[in-house]
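Here is the structure we will look at, set down as structure tokens.
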Amino acid sequence: MSYPTQARVDLAAIRHNVAVVRERAPGAEMMVAVKADGYGHGMVPCAEACLSAGADRLGTAFIEEALVLRAAGVEAPILSWIIGPDDRLADALDAEVELSAGAAWLVDDIAKAARQTGRVARLHLKVDTGTSRGGASAADWGDLLDRALAVRAEGLVEIVGLWSHLACADMPGHPSIEAQIARFDEALAMAERAGAGGSHVVRHLSNSAATLTIPRARYDMVRPGIAIYGLSPVPEIDDFGLRPAMTLAATVTLAKRVPAGSGVSYGHVYVTERETTLGVVPIGYADGISRRATNLCEVLAAGRRRKVTGRVCMDQLMIDVGDDPLSAGDEVILFGPGDQGEPTVQEWADHLETISYEVLTGIGSRVRRVHTEGSGPAPAR
Ligand SMILES: *Cc1c(COP(=O)(O)O)cnc(C)c1O
């Protein structure tokens, strides 16, 4: 069965990328971030591929995502790190999902859920070392530790992790990196003195960029995301031998000759210079293809790169293939690993002045995720 739009995800590439990252972080555990539907790649199959390739744990933003993994039968340790008031704490504890806490009120809520369910919560205490996002500020870290130790004494929680997140890991040499590492070390020392340390406690700080470029930020565990999907977090520096896992493809619904001077798509921002063949491609901004790709981004069609011509619409975009042969049913590749000359998602991100993460996670639910071994069928030529 073929679908008009497909995001083919090469699970062999995912496993390769796990091995690449593993080699860069010897001795550290690996927790792969599979939030946001595995960065748009399909969370469950990607999680399973990562675990089969030797990843130790999984990380999700929300409890809801962790519960989806558990419902699919994933048994590996999972940490969820964005938790709000009235969240599904009891469900998380019943499913043995580890929880991040960066505020004393949340420790109290988790302890309450532990009391209700009869489960012992496994906590990763988060310190804000300078990203000014989640986690306890330095001034509140002592209180957070005290609260966690108090409920630990009641047998309601275990403290299994101490962690933080870097703001500028993808900007090697940025002064904030050293400052955050120093503050993390201070927070760890304070936890140790308070009795919240020990060899069973996992200390973790590094996303993909830090894992690949800042050896001393690896601590006991790294938390790569984007690198596992095959994109470099620092594309201007190195691709690290990572392989992009996703190929985004769509099948032409109509190809037709039009005369010179034809205005194409809304607003006629593209006008044909001569008689030419246009292809209608059934993917648009409702599927995550930015309207800013108009007359800018490229796709592979009929064996060559073509610009997206005319405005990207909600459900469709247009290409101009000149006198090359194109028919309904031919496949157009928007991006992929680049093997066949197609653009990469990094090229799309560069054109759109954003990061690969945004392009990948923006791909909508109408695009069928198809998981393959290898980069999938060859495009129509
Ligand atoms: C998303 C996320 C990661 C992974 O980040 P990448 O840049 O994709 O490697 C790691 N840690 C936290 C807290 C995250 O939210």
Side-chain angles (χ1 to χ4, degrees), residues 14 17-18 20-22 24-25 28-41 43 46-47 50 55-66 69 77-84 97-102 106 123-136 161-172 174 176-177 180-181 184 187 202-214 217-240 242 244-246 345-346 349 354-362:
I14 300 259
N17 297 328
V18 169
V20 168
V21 174
R22 167 71 75 205
R24 292 267 172 175
E29 272 195 74
M30 189 191 301
M31 170 184 284
V32 176
V34 294
K35 60 192 176 180
D37 198 25
Y39 290 39
H41 293 66
M43 179 172 65
C46 290
C50 290
D56 304 286
R57 306 174 183 227
L58 302 169
T60 69
F62 300 105
I63 288 173
E64 207 74 36
E65 296 171 309
L69 289 167
I78 306 174
L79 169 64
S80 296
W81 51 67
I82 304 180
I83 302 170
V97 174
E98 300 182 2
L99 300 172
S100 169
L106 181 54
L123 288 188
H124 291 243
L125 300 178
K126 183 172 190 188
V127 57
D128 175 8
T129 52
T131 299
S132 307
R133 201 175 64 176
L162 298 168
W163 74 294
S164 189
H165 192 57
L166 297 171
C168 306
D170 59 347
M171 304 164 77
H174 194 283
S176 69
I177 296 171
Q180 287 198 261
I181 291 173
F184 190 50
V202 178
R203 303 163 300 160
H204 49 111
L205 181 63
S206 290
N207 59 4
S208 295
T211 301
L212 295 170
T213 67
I214 316 169
R218 289 173 197 148
Y219 294 90
D220 304 318
M221 181 168 79
V222 294
R223 301 187 309 268
I226 196 73
I228 300 302
Y229 306 98
L231 277 301
S232 174
V234 283
E236 63 290 355
I237 293 175
D238 198 352
D239 68 10
F240 303 96
L242 298 166
M246 186 189 291
V345 71
Q346 190 61 50
T354 181
I355 53 177
S356 59
Y357 303 65
E358 190 179 28
V359 180
L360 290 170
T361 57

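Positions are given from 1 along the sequence. In this text the structure is predicted, and so the values were computed from the model without any measurement. Whatever order the structure lists them in is the order used to number ligands and atoms, beginning at 1.
Note on residues 217-228: pairs passing salt bridge (charged side-chain N to carboxylate O under 4.0 Å, His left out), not counting sequence neighbours, are R203-D220.
Just one of V222, L212, T213 meets the side chain to side chain contact (heavy atoms under 4.5 Å, CB included) condition when paired with S206; it is V222.
Nearest heavy atoms, M221 versus R57: SD-CD, 3.5 Å.
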Could you pull out all donor-acceptor pairs under 3.5 Å where a side-chain atom in residues 224-236 meets a protein atom, sequence neighbours excluded?
unit_1: Y229; atom_1: OH; unit_2: A33; atom_2: O; d: 2.9
unit_1: S232; atom_1: OG; unit_2: V234; atom_2: N; d: 3.1
unit_1: S232; atom_1: OG; unit_2: V234; atom_2: O; d: 3.3
unit_1: S232; atom_1: OG; unit_2: D238; atom_2: O; d: 2.6

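From L205, atom CG reaches atom CG of L166 across 4.0 Å, with rounding to the nearest 0.5 Å.
Y219 meets the ring pair (Phe, Tyr, Trp, His ring centres under 6.0 Å) test with F184; sequence neighbours excluded.
Listed by chain and residue number, the protein contacts of ligand 1 are A33, K35, Y39, W81, W163, H165, N207, S208, R223, P224, G225, I226, Y357 (heavy atom within 4.0 angstrom).
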